[in-house]
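Okay, here's the structure, questions in a sec.
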2 protein chains.
Amino acid sequence: MKVSADTRTGHAAPLPVALADGVFPAGCPSRTVLDHITSKWGVLILLALSEGEQRWSDLRRRAEGISEKMLAQTLKTLERDGLVTRTAQPVIPPRVDYRLTERGYELSALLVPLVAWAFENADDIVNGQR
Amino acid sequence: MKVSADTRTGHAAPLPVALADGVFPAGCPSRTVLDHITSKWGVLILLALSEGEQRWSDLRRRAEGISEKMLAQTLKTLERDGLVTRTAQPVIPPRVDYRLTERGYELSALLVPLVAWAFENADDIVNGQR
DNA sequence: TAAGGTACTGACATGAAAGTTAGTGCCGAT
DNA sequence: ATCGGCACTAACTTTCATGTCAGTACCTTA
């Protein structure tokens, strides 16, 4: 069954993804990846790092409201996913830097416009306007 | 304090958003909006609708694994946010169509490349590769 | 006559995500 | 001498998003 294009707006909206019948499969690995990067704090951390290497305490301050537990957990997930690298310097006091990998940078380039859109439209949306 | 650009990749990564000190404020409305659109099923529904108007049963089939409760709940949230419109036709059996608003279409245009990226990179990521 | 499709709603249950609190070891500043 | 900053970890608790199950009302097909 072929799904027709949007007839109201006249816009084409191609999904450049091989999807049988336009179905998003339940067990698909992309679901897991999507869950990681669209997690409450994942987006914010990736966005903050898109401006360059940052320390633990920088990230904590920039993602306002994050707990240390969630910061550690989010960074670990992003590291396991190969989106972020951790560099610890054996100095006192400890200094640890986080930066995006090439892959992480690729992703952040897609997230930036999304978050920018959310910023611009947030007020209209929560006020229930058009 | 000014945050330096990424010195490793040499890429510029501008955040086109007015952020005092690069801090994402805790009470910011964009947090709410981001939560809605990055919810487990929100992304999938918006993506499915990016291909055009669709019925309840179409969406249920395409977002594989979604329950009827979550479909209803997700659609209601997206409707309240002015991203989706609902059109019920008084026929028997009932027929209800869902489509993106202009604003919803704008958003989906940003989500499509993100999901495409997730599809392409998912296997590498979950296999813990580089 | 019974089963199944259509588009839902509501009560209840669960589990994963998130929050809270406390503790680590070392240092510099008050 | 004790406080705070640094970068965490671990145990425990809570909250909320999500899942499960049942029911609605009408019609068609078997």
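The sequence lines fix the lettering, A, B, ..., with proteins before strands; numbering per chain opens at 1. Just so it is clear, the values below take in all heavy atoms, side chains as well, and ignore hydrogens, waters and symmetry mates.
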- Message: Nearest to the A:W41 side chain among D:dG19, C:dG19, D:dA7, which nucleotide is it?
- Response: C:dG19
- Message: Rounding to an integer number of Å, can you tell me how far A:D35 CG sits from D:dT18 C1'?
- Response: 12 Å
- Separation of A:R55 atom CZ from D:dG5 atom C1', in whole Å?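 For the pair A:R55 CZ and D:dG5 C1', the rounded distance is 10 Å.
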- Toward the 5' end of DNA chain D, which comes first, A:Y98 or B:P94, by nearest nucleotide?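 On the 5' side of the pair lies A:Y98.
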- Query: To the nearest angstrom, how far is B:R60 atom CZ from D:dG19 atom P?
  - Reply: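 Whole-Å distance recorded here is 11 Å.
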- Which part of the nucleic acid does B:Q73 contact within heavy-atom distance under 4.0 Å: base, sugar-phosphate only, or nothing? base
- Which of these nucleotides, D:dC26, C:dG25, D:dT20, is closest to any side-chain atom of B:I92? D:dC26
- To the nearest Å, how far apart are A:L71 CG and D:dG5 C1'? 15 Å
- Item | Nearest-nucleotide 5' precedence on DNA chain C, A:S67 against B:R86 |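 It is B:R86 whose nearest nucleotide is closer to the 5' end.
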- Query: Counting only N and O atoms by type, is there a donor-acceptor contact under 3.5 Å from the side chain of A:Q54 to the main-chain atoms of A:G52?
  - Reply: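 The answer is yes, because a donor-acceptor pair under 3.5 Å joins these two groups.
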- When you look at B:N121 and A:V33, which way does the side-chain contact (heavy atoms from CB on, under 4.5 Å) test go after all the steps? CA-CA 8 Å; B:N121 293 77; A:V33 173; over 6 Å; no
- Query: Can you check whether B:S57 has a side-chain N or O nearer than 4.0 Å to OP1 or OP2 of C:dA7?
  - Reply: yes
- Taken to the nearest whole Å, CG/A:L75 to C1'/D:dT9 is 14 Å
- Item | Whole-Å gap separating P (D:dG19) and CD (B:E64) | 13 Å
- Message: With heavy-atom distances below 4.5 Å as the criterion, would you say the side chains of B:R80 and B:H36 are in contact?
- Response: no
- Taking all non-hydrogen atoms of both residues into account, name the closest pair between B:R31 and B:F24 and its distance.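 Result for this residue pair: NH2-O, 2.9 Å.
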- Tell me: NZ of A:K69 to P of C:dG23, nearest whole Å? 18 Å
- Message: Treating B:E64 as the side-chain partner and A:P25 as the backbone partner, does any N or O pair qualify as donor plus acceptor under 3.5 Å?
- Response: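 No; zero donor-acceptor contacts below 3.5 Å.
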- Between A:W56 (CH2) and D:dG5 (C1'), how many Å, whole number?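 Result: 14 Å.
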- Item | Side-chain N,O (A:K40) to OP1/OP2 (D:dA17) below 4.0 Å |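 For A:K40, the contact criterion (side-chain N or O under 4.0 Å from OP1 or OP2 of D:dA17) is not met.
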- C:dT6, D:dT18, D:dC6: which one has an atom nearest the side-chain heavy atoms of B:S39?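 For the B:S39 side chain, the nearest candidate turns out to be D:dT18.
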- Message: Return whichever of A:P93 or A:M70 has its heavy-atom-nearest nucleotide of DNA chain C closer to the 5' end.
- Response: A:M70
